[in-house]
Amino acid sequence: MSFTTLSEATCFGGTQGIYAHQSQQLDCEMKYSVFVPEAASSEPRPVVFWLSGLTCTEDNFTVKAGVQRYASEHGLVVVAPDTSPRGDDVPDDDAYDFGKGAGFYLNATQAPWSKHFHMYDYITGELPALIFKNFPARADAQGIFGHSMGGHGALTIALKNPGTYRSVSAFSPIVAPIQVPWGEKAFTGYLGEDREAWKSYDACELIKSGARFDGEILIDQGDADNFLEEQLKPQLFEAACKDAAQAVTIRMQSGYDHSYYFIASFMSDHMAHHAKALCD
């Protein structure tokens with residue numbers, strides 16, 4: 001549970017820090033970002049975990065999303081981990097959508113990935129335990145959100161852990177990875193050829209199999225996103241939720257793409273969504 005402080009800076013009255021620790025789950029050093037609002041100086045505050053997308057580290061969201069202003073206003077702790085194991089001993093792939101930077105928030109079962117790529121267990125177990133021991137965050141008031149691959153992670157983790165998260169949202173999530181090229185490639189490599197094993201990491205399949213989130217899911221998707229038709233397919237999740245009576249709001253945002261310009265534009269709405277559910 002020990003960690004190293006890499007940097008800290010005052011931001012909107014709170015503290016934005018970057019930290020590192022030796023992960024036993026991933027068998028490597030991992031970096032993560034934590035914003036602690038000024039309100040946490042007097043009492044622990046609700047916490048929202050952010051999961052980033054392909055090629056990202058803990059840095060992209062922290063620098064580009066503009067989350068600190070809204071986290072300060074609502075008194076929310078925000079945690080943003082890296083997207084995969086890192087280090088010279090961690091296997092990698094030349095492509096951007098597999099290996100380092102592309103952990104897909106699952107537990108790999110295939111060699112050589114199975115030694116390090118346990119991002120699901122890291123996000124749901126080791127990382128929150130580290131946060132709750134060392135930062136003023138409330139374990140009884142957790143939310144989760146993310147972008148693209150991280151949106152996939154946020155949705156599946158919230159659905160697979162009923163009662164742990166009181167809020168969930170996503171930007172441009174991969175909602176049906178077993179039906180799109182990104183997911184088919186990653187799942188084949190990490191999980192093997194058995195497509196039945198893939199379903200437990202697919203938000204649409206989880207909804208179809210009876211998983212539910214006790215609350216409303218918020219999703220924003222840009223209609224100018226160049227990955228929309230081939231990789232994201234939000235209509236599949238909307239249909240699955242409708243059939244299952246799962247509350248979801250999917251907002252198609254005109255003119256917006258897949259970038260952090262899009263994320264920053266609607267970060268205020270997402271933080272308000274989480275604050276409504278998390279702040280007593």
What verdict does the side chain to side chain contact (heavy atoms under 4.5 Å, CB included) test give for Phe61 and Val67, after you've listed the backbone C-alpha separation in whole Å, the side-chain angles of each residue and the deciding distance to 0.1 Å?
CA-CA 8 Å; Phe61 172 78; Val67 70; 3.7 Å; yes
His270/Ser169 under side chain to side chain donor-acceptor pair (under 3.5 Å): CA gap, chis, key distance, verdict
CA-CA 7 Å; His270 282 248; Ser169 70; 2.8 Å; yes
Give the C-alpha distance, both sets of side-chain angles, the deciding distance and a yes or no for side chain to side chain contact (heavy atoms under 4.5 Å, CB included) between Tyr105 and Tyr201.
CA-CA 8 Å; Tyr105 305 102; Tyr201 295 109; over 6 Å; no
Please test Asp257 against Ser259 for side chain to side chain donor-acceptor pair (under 3.5 Å), starting from the C-alpha separation and ending with a verdict.
CA-CA 6 Å; Asp257 60 15; Ser259 72; 2.7 Å; yes
Would you sort out whether Leu155 and Val168 count as a side chain to side chain contact (heavy atoms under 4.5 Å, CB included), showing the intermediate values?
CA-CA 7 Å; Leu155 293 175; Val168 60; 4.3 Å; yes
Could you go step by step and tell me if Glu193 and Thr188 meet the side chain to side chain donor-acceptor pair (under 3.5 Å) rule?
CA-CA 5 Å; Glu193 299 289 345; Thr188 299; 4.8 Å; no
Run the side chain to side chain contact (heavy atoms under 4.5 Å, CB included) test on Leu228 and Gln221 for me, step by step, so that the C-alpha distance in whole Å, both residues' side-chain angles and the decisive distance to 0.1 Å come before the verdict.
CA-CA 8 Å; Leu228 177 59; Gln221 172 65 61; 3.6 Å; yes
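Between Trp50 and Phe35, a ring centre-to-centre spacing not shorter than 6.0 Å is recorded. Two rings, from Tyr256 and Phe266, have their centers less than 6.0 Å apart. Phe145 and His152 have their aromatic ring centers separated by at least 6.0 angstrom. A ring-centre distance under 6.0 Å is found for Tyr19 and Tyr32. Aromatic rings of His274 and His74 (six-membered ring for Trp) have centroids beyond the 6.0 Å cut-off, not under it. Two rings, from Tyr165 and Phe213, have their centers 6.0 Å or more apart. Checked against the 6.0 Å centroid threshold, Phe135 and Phe3 count as a close aromatic pair.
Residues Leu130 and His21 are in side-chain contact: their nearest non-hydrogen atoms beyond the backbone lie under 4.5 Å apart. At a threshold of 4.5 Å between non-hydrogen side-chain atoms, the residues Ile219 and Phe171 do not count as touching. Contact of the Met149 side chain with the Ile174 side chain is registered, since non-hydrogen atoms from C-beta on lie closer than 4.5 Å. You'll find the side chain of Leu106 stays beyond 4.5 Å of the side chain of His118, heavy atoms only. Looking only at side-chain heavy atoms (C-beta outward), Ile123 and Pro81 come within less than 4.5 Å of each other. Within the 4.5 Å cutoff, side-chain heavy atoms of Leu51 are placed close to those of Ile144. For the pair Val48/Leu278, a side-chain contact is recorded, criterion being any heavy-atom separation below 4.5 Å from C-beta on. At a threshold of 4.5 Å between non-hydrogen side-chain atoms, the residues Gln16 and Thr62 count as touching.
A donor-acceptor pair under 3.5 Å is formed between the side chain of Asp202 and the backbone N or O of Glu205. No donor-acceptor pair under 3.5 Å is formed between the side chain of Gln179 and the backbone N or O of Ala176. Under the 3.5 Å distance criterion, the side-chain polar atoms of Lys100 are matched with a main-chain donor or acceptor of Gly87. A donor-acceptor contact shorter than 3.5 Å is absent between the side chain of Ser72 and the backbone of Arg69. Using a distance-only test at 3.5 Å, with no hydrogens or angles considered, a donor-acceptor pair links the side chain of His116 to the main chain of Leu26. When atom types are taken as modelled, the side chain of Gln231 and the backbone of Trp182 share a donor-acceptor pair closer than 3.5 angstrom. Distance alone, capped at 3.5 Å, places no donor-acceptor pair between the Arg45 side chain and the Pro37 backbone. Counting only distance, with no hydrogens or angles, the side chain of Ser52 and the backbone of Thr83 share no donor-acceptor pair below 3.5 Å. Judged by distance alone, the side chain of Asn60 and the main-chain N or O of Cys56 form no donor-acceptor pair under 3.5 Å. Judged by distance alone, with hydrogens and angles left aside, the side-chain atoms of Ser148 form no donor-acceptor pair with the main-chain N or O of Gly53 at under 3.5 Å.
Leu54 contributes atom CG, which lies 9.5 Å from atom NE2 of His147 (distance to the nearest 0.5 angstrom). The line from CD of Glu184 to CD1 of Ile178 is 8.5 Å long, rounded to the nearest 0.5 Å. The line from CG of Leu232 to CG of Asn226 is 9.0 Å long, rounded to the nearest 0.5 Å. Interatomic distance, Asp27 CG to Phe117 CZ, rounded to the nearest 0.5 Å: 12.0 Å. Interatomic distance, CD of Gln68 versus OG1 of Thr10, reported as 12.0 Å (0.5 Å rounding). The line from SG of Cys279 to CG of Leu76 is 4.5 Å long, rounded to the nearest 0.5 Å.
Aromatic ring orientation, Phe49 versus Phe132: perpendicular (interplanar angle above 60°, classes split at 30° and 60°). Aromatic ring pairs are classed by plane angle as parallel below 30°, tilted from 30° to 60° and perpendicular above 60°; the pair Phe187 and Trp198 is perpendicular.
Salt-bridge annotation for Glu29 and Lys31: absent, with no side-chain N of the basic residue lying under 4.0 Å from a carboxylate O of the acidic one.
Tracing side-chain contacts under 4.5 Å through hydrophobic residues (I, L, V, M, F, W, Y), one never reaches Phe237 starting from Leu218; they form parts of separate clusters. Under the 4.5 Å side-chain contact rule for hydrophobic residues, Ile18 and Met30 do not share a cluster.
Inspection of the Thr164 and Gln142 side chains reveals no N or O donor paired with an N or O acceptor under 3.5 Å.
Atom CD of Gln24 has 12 or fewer heavy atoms from other residues, nucleotides or ligands within 6.0 Å. Other residues, nucleotides and ligands contribute only 12 or fewer heavy atoms inside 6.0 Å of the CG atom of Asp89. No more than 12 heavy atoms of other residues, nucleotides or ligands lie within 6.0 Å of CD in Glu38, so this atom counts as exposed by the packing criterion. Counting heavy atoms of neighbouring residues, nucleotides and ligands inside a 6.0 Å radius, atom OH of Tyr96 exceeds 12 of them.
Minimum interatomic distance between Ala102 and Tyr190 (heavy atoms only, all atoms of both residues): O-OH, 2.6 Å. Here the shortest heavy-atom pairing between Phe104 and Asp97 reads CE1-O, 3.9 Å. The heavy-atom pair separating Ala95 from Lys185 by the smallest distance is CB-NZ, 3.2 Å. Closest approach of Ala203 and Leu159 over heavy atoms only: O-CD1, 3.9 Å. Residue Met252 comes nearest to Pro234 through the heavy atom pair SD-CG, 4.4 Å, listed as atom of the first residue, atom of the second, then distance. The minimum heavy-atom distance linking Ile263 with Ala65 is given by the pair CG2-CB, 4.2 Å.
Among residues at least two apart or in separate chains, salt bridge (Lys or Arg N to Asp or Glu O under 4.0 Å) pairs with a member in residues 219-247 are Asp220-Arg251. Residue pairs meeting the side chain to side chain donor-acceptor pair (under 3.5 Å) criterion with at least one partner in residues 125-138, sequence neighbours excluded, are Ser23-Glu126, Arg138-Asp140, Arg138-Asp280.
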